[in-house]
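Since we're looking at a predicted model, the values are computed, not measured.
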Amino acid sequence: MRILLTGSSGWLGQTLAPRLRAHGHEVVGLDPNPSDHTAVVGSIADRALVRAAIGDFRCDAVIHAGALHKPDIERFTRADFIAVNVTGTLNLLEEAVAQGVGRLVMTSTTSLMISERIRAGVNGGARQAEWLTETVRPEPRNIYGVTKLAAENLCRLFHQEHGLPVVVLRTSRFFPEADDMAHAISQSDANTKANELLFRRLTVDDAARAHLVALDRASDLGFDIFIVSATPPFSPADAEALVADAPAVVARYFPDYPALYAARGWTMFDAIDRIYDPSHAARRLGFTCEIGFRQMLDALAADVGGLTG
Ligand SMILES: NC(=O)c1ccc[n+]([C@@H]2O[C@H](COP(=O)([O-])OP(=O)(O)OC[C@H]3O[C@@H](n4cnc5c(N)ncnc54)[C@H](O)[C@@H]3O)[C@@H](O)[C@H]2O)c1
């Protein structure tokens with residue numbers, strides 16, 4: 001397929017573009033920032049540019065990863081977020097339908113499911129972890145989440161009204177940098193990321209792989225929204241214990257973790273107050289992440305063995 005990839009100069013886009021090519025696809029990158037993977041330098045908010053990018057290159061599919069996202073809240077206005085994330089998505093959907101594009105995959109975010117109440121977590125008096133699935137009614141707490149939810153709803157509308165196959169991937173975090181200062185203050189970046197693989201993170205490689213699977217499956221699926229995150233080891237029955245004593249719960253599932261962490265001076269979060277459940281993606285999309293907490297521990301064990309042996 002020839003694929004219009006928005007956000008092609010970004011962290012995900014630069015990982016995804018070579019993978020798409022390795023699978024035999026042609027990639028037309030579109031991004032305001034130039035890069036090796038970007039053929040069209042410009043904004044999805046520019047309808048004429050979107051029309052030309054889809055039409056001139058005769059694209060068969062769109063992967064829509066371009067966005068203003070959480071770190072951009074500091075630098076851009078709410079109106080910018082609406083122009084890029086809402087109007088930009090609308091432009092892509094309208095041109096996709098007008099020009100007979102066969103499918104669209106949109107990168108969304110688990111962040112839109114985090115209300116102020118959920119974000120307050122243990123500090124807000126939460127006694128059990130939130131078990132988050134696609135059935136939770138989102139109440140986004142910032143302009144990023146509000147505009148991503150609007151974009152998801154536009155995708156649903158275009159599927160309903162025009163039959164366009166659209167798969168929405170609500171990915172959890174795959175930022176290369178530490179993103180949550182509350183955790184990052186007391187823990188090293190690698191330690192924080194390792195802990196987050198239990199409940200709210202995936203690798204950028206897994207994120208890219210999910211997009212390839214979604215692209216393949218879109219026509220069969222019609223429309224759906226999937227949480228994409230490393231498989232958590234927990235069950236909803238753990239929700240209270242995860243807030244009361246997360247290290248004990250994690251040790252129950254991974255008896256080797258305390259020693260491996262101690263060898264590095266790493267610590268577990270005292271409480272885990274949310275879990276993104278990717279089981280709908282496992283069942284219906286046929287996608288699970290390759291890297292989770294177990295694989296990370298195995299890598300630590302191999303590394304510690306090398307260091308000590
Ligand atoms: N990084 C994460 O942890 C994370 C988590 C959940 C969801 N996401 C989503 O994944 C997608 C990719 O994020 P990323 O981490 O690669 O971020 P990124 O900032 O590295 O990449 C986003 C890209 O979108 C581009 N972009 C910005 N405005 C645009 C416009 N008007 N038109 C076209 N492209 C535009 C940016 O220039 C950038 O290259 C985004 O949709 C983001 O919301 C990211």
Side-chain angles (χ1 to χ4, degrees), residues 1-14 16-21 23-69 72 76-109 143-144 146-169 208 211-212 214-216 218-219 221-223 225:
M1 278 183 274
R2 188 169 299 142
I3 299 160
L4 179 69
L5 172 64
T6 71
S8 48
S9 302
W11 172 235
L12 176 62
Q14 300 219 31
L16 189 48
R19 281 180 174 245
L20 288 165
R21 292 196 179 101
H23 278 75
H25 300 299
E26 285 176 51
V27 178
V28 179
L30 186 159
D31 199 296
N33 292 330
S35 81
D36 290 350
H37 299 296
T38 297
V40 182
V41 176
S43 170
I44 51 172
D46 178 345
R47 174 73 178 258
L49 183 101
V50 170
R51 182 179 304 129
I54 291 177
D56 293 355
F57 290 93
R58 294 203 204 89
C59 293
D60 311 299
V62 174
I63 297 184
H64 177 27
L68 293 183
H69 67 140
D72 296 317
F76 290 87
T77 65
R78 293 186 188 91
D80 293 332
F81 270 82
I82 287 170
V84 175
N85 294 356
V86 184
T87 306
T89 303
L90 179 65
N91 288 341
L92 288 163
L93 289 163
E94 287 192 326
E95 287 303 326
V97 167
Q99 302 196 48
V101 166
R103 59 191 79 187
L104 187 145
V105 176
M106 185 189 123
T107 320
S108 188
T109 173
I143 191 67
Y144 173 52
V146 165
T147 53
K148 280 291 197 178
L149 183 58
E152 286 189 356
N153 284 330
L154 285 171
C155 289
R156 179 187 284 108
L157 186 70
F158 271 70
H159 174 68
Q160 282 166 2
E161 291 186 347
H162 302 283
L164 178 69
V166 185
V167 176
V168 173
L169 300 176
H211 285 73
L212 279 159
L215 187 71
D216 281 349
S219 300
L221 294 170
F223 176 83
I225 295 176

Starting at [atom1] of [X], measure out to [atom2] of [Y] and round the result to the nearest 0.5 Å.
X: T87; Y: L92; atom1: OG1; atom2: CG; answer: 11.0 Å
X: F57; Y: I3; atom1: CZ; atom2: CD1; answer: 14.0 Å
X: L4; Y: I63; atom1: CG; atom2: CD1; answer: 9.5 Å
X: L90; Y: I82; atom1: CG; atom2: CD1; answer: 13.0 Å
X: H64; Y: T89; atom1: NE2; atom2: OG1; answer: 3.0 Å
X: L212; Y: L20; atom1: CG; atom2: CG; answer: 5.0 Å

Quick one: does any side-chain atom of [X] pair with a main-chain N or O of [Y] as donor and acceptor, under 3.5 Å?
X: T38; Y: D31; value: no
X: D80; Y: T77; value: yes
X: S8; Y: G13; value: no
X: S108; Y: L169; value: no

Return the set of residues passing side-chain contact (heavy atoms from CB on, under 4.5 Å) with [X] (not counting sequence neighbours), or none when no residue passes.
X: D72; answer: L68, H69, R75, F76, F81
X: E26; answer: R2
X: Q14; answer: S35, H37

**Asked** Within a reach of under 6.0 Å around CZ of R21, are more than 12 heavy atoms found that belong to other residues, nucleotides or ligands?
**Response**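 Atom CZ in R21 is crowded, with more than 12 foreign heavy atoms closer than 6.0 Å.
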
**Message:** Checking V97 against F158 for the side-chain contact (heavy atoms from CB on, under 4.5 Å) test, could you report, in this order, the C-alpha distance in whole Å, the side-chain angles of both residues, the deciding distance, and whether it holds?
**Reply:** CA-CA 8 Å; V97 167; F158 271 70; 3.7 Å; yes

Side-chain donor-acceptor distances from residues 40-50 under 3.5 Å, at least two apart:
residue : atom : partner : partner atom : Å
S43     : OG   : A45     : N            : 2.9
D46     : OD1  : A48     : N            : 3.2
D46     : OD1  : L49     : N            : 3.1
R47     : NE   : E95     : OE2          : 2.7
R47     : NH1  : E94     : OE1          : 2.6
R47     : NH2  : E95     : OE2          : 3.1

**Prompt:** side-chain contact (heavy atoms from CB on, under 4.5 Å) between H211 and L12: does it pass, once the steps are laid out?
**Reply:** CA-CA 10 Å; H211 285 73; L12 176 62; 3.6 Å; yes

Locate the shortest heavy-atom distance separating [X] from [Y]; write the atom from each residue and the value.
X: I54; Y: A96; result: CD1-N, 4.0 Å
X: A53; Y: C59; result: O-SG, 3.8 Å
X: T6; Y: G66; result: OG1-N, 2.9 Å
X: L104; Y: C155; result: CD2-SG, 4.4 Å

**Message:** Checking T147 against N85: is there a side-chain donor and acceptor pair closer than 3.5 Å?
**Reply:**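 Per modelled atom types, N85 and T147 side chains form a pair under 3.5 Å.
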
**Asked** Applying side chain to side chain donor-acceptor pair (under 3.5 Å), which residue pairs with at least one partner in residues 155-165 are found, sequence neighbours left out?
**Response**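 Qualifying pairs: N153-R156.
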
**Item:** Any residue meeting side chain to side chain donor-acceptor pair (under 3.5 Å) with S219, in chain and number order, not counting sequence neighbours
**Value:**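 Scan of S219 (side chain to side chain donor-acceptor pair (under 3.5 Å), adjacent residues dropped) gives R103.
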
**Message:** Determine whether L215 and H25 satisfy the following criterion, side-chain contact (heavy atoms from CB on, under 4.5 Å), listing intermediate values before the conclusion.
**Reply:** CA-CA 11 Å; L215 187 71; H25 300 299; 3.8 Å; yes

